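What follows is a single structure, written as structure tokens, with notes after it.
One-based numbering along the sequence shown. We count ligands from 1, going down the list as the structure has it; atoms in each ligand are counted the same way. This is a predicted model, so every value here is computed, not measured.
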Amino acid sequence: MTSPTPQQFAQSGSLDELYSKLTPVMMVPGWAKTAPSLWPEPRKSFQAHRWAYDQAKGALDAAGRLINTELAERRNLILQNPATGYATSRTIVAAYQMIMPGEKARSHRHTPNALRLVIDAEPGAYTVVNGERLAMMPGDVVLTPNWCWHGHANEGRACAYWLDVLDVPLVQLLDPMFFEPHPDDFETEITVPNSSPMHFAWGDTQRRLNEAEAKANGSSHVEVALGDPALDTMALSMIKLKPGAATPARKAMANNVFGVVQGEGSTTAEGETLNWKRGDVIVVPSWQQHAHHSNEGAVLFRATDEPVMRKLGFMREAAQ
Ligand code: GTQ
Ligand code: FE2
């Protein structure tokens, strides 16, 4: 159908006639759409879910035999939300990654912000971020913000396993995706800093958690922030759960990815209970009421898109 003239539009004698003229000019009557574009409260398009580290570790060990870091840019296992395609949550994707002794995962940079929480590694595993060598020991968190060069290496004797957390789904949604391989393959011009704003050592985190615990008499948990926030799009923290005490239920307009650093326990989200232990990953999508519990005490790492929601004026917390 050719494009109707303004007069032909104006002379439409029925709604059906009007609709048929609108189709070829790519206009849709908002009042006649079958699916609404606004709704009263967030829809639950993602599911709360738990991924088991022992399964991921087994799979990564097999992948270690079957694929090398020459062929794979990264030997990673993406944690897909059961309710959707690629992502773990609307804005955040998480993945387990492993590199074997003697391997290097080549350097690159990309606009998505990324970070890793180390699960199992021995001395000799490290990430090079913009020419700085940062250790990867269990409990350490290493940042690779937007457009920072980064590559991983393992000069230790054991395979190194960690959890990657990236804002790739958000970048895909907004479109500013850029990616570049490093000209040297692996960035080797490196210095070893005493400390770096890109590195949160587990020893320091533990000390801060213990100090917070000493001050917070009797509360169900303490939470310390890593960075302020660590990245433009993601805030990070460590949560220490008091043995036997459930955290107050929380329902907020932000996505949460939790990584279990120590201990075991469970998270209930909208009435569903997810059991977890060290290394496991739990996603609690936005606007889902949730609480944590551990009989013997535990430490959870939390990555959240709260900074995005705050900056855009969308952060809300439901009254309990
Ligand atoms: O380690 O640089 O899981 O670029 C996905 C994309 C890890 C990484 C992932 C990445 C990386
Ligand atoms: Fe990367």
Inset, instruction - Answer yes or no: does atom CD of Glu270 have more than 12 heavy-atom neighbours from other residues, nucleotides or ligands under 6.0 Å? - result: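 Yes.
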
Inset, instruction - Check whether more than 12 heavy atoms from other residues, nucleotides or ligands sit under 6.0 Å from atom NZ of Lys215, and answer yes or no. - result: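 It does not: Lys215 NZ has 12 such atoms or fewer within range.
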
Legend entry - Nearest heavy atoms of His293 and Gly244, plus distance in Å: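 Reported closest heavy-atom pair: NE2-O, 3.5 Å.
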
Legend entry - Nearby protein N/O/S atoms (those under 2.8 Å) for the Fe ion (ligand 2), with water ignored: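 Within the sphere that stays under 2.8 Å of the Fe ion (ligand 2), the protein atoms of type N, O or S are His108 NE2, His110 NE2, His150 NE2.
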
Inset, instruction - Apply salt bridge (charged side-chain N to carboxylate O under 4.0 Å, His left out) to Arg106 and Glu70, showing your working. - result: CA-CA 8 Å; Arg106 57 183 166 269; Glu70 300 287 309; 5.8 Å; no

Go through the side-chain N and O atoms of [X] and [Y] and say whether any donor and acceptor fall under 3.5 Å apart.
{"X": "Thr127", "Y": "Arg133", "answer": "no"}
{"X": "Lys104", "Y": "Asn154", "answer": "no"}
{"X": "Asn113", "Y": "Asn146", "answer": "no"}

Inset, instruction - Please work out which of the three classes, parallel, tilted or perpendicular, describes the rings of His150 and His110, given edges at 30° and 60°. - result: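 Ring orientation, 0 to 90° scale: perpendicular.
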
Inset, instruction - Look at Lys57 together with Asp54 and state whether they make a salt bridge at an N to O cut-off of under 4.0 Å. - result: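 Salt bridge absent between Lys57 and Asp54.
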
Inset, instruction - Select all protein residues for which some heavy-atom-to-ligand 1 distance is less than 4.0 Å, and list them by chain and number. - result: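 Its neighbours under 4.0 Å (heavy atoms only) are Arg74, Asn76, Ala95, Gln97, His108, His110, Arg116, His150, His152, Asp164, Leu166, given by chain and number.
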
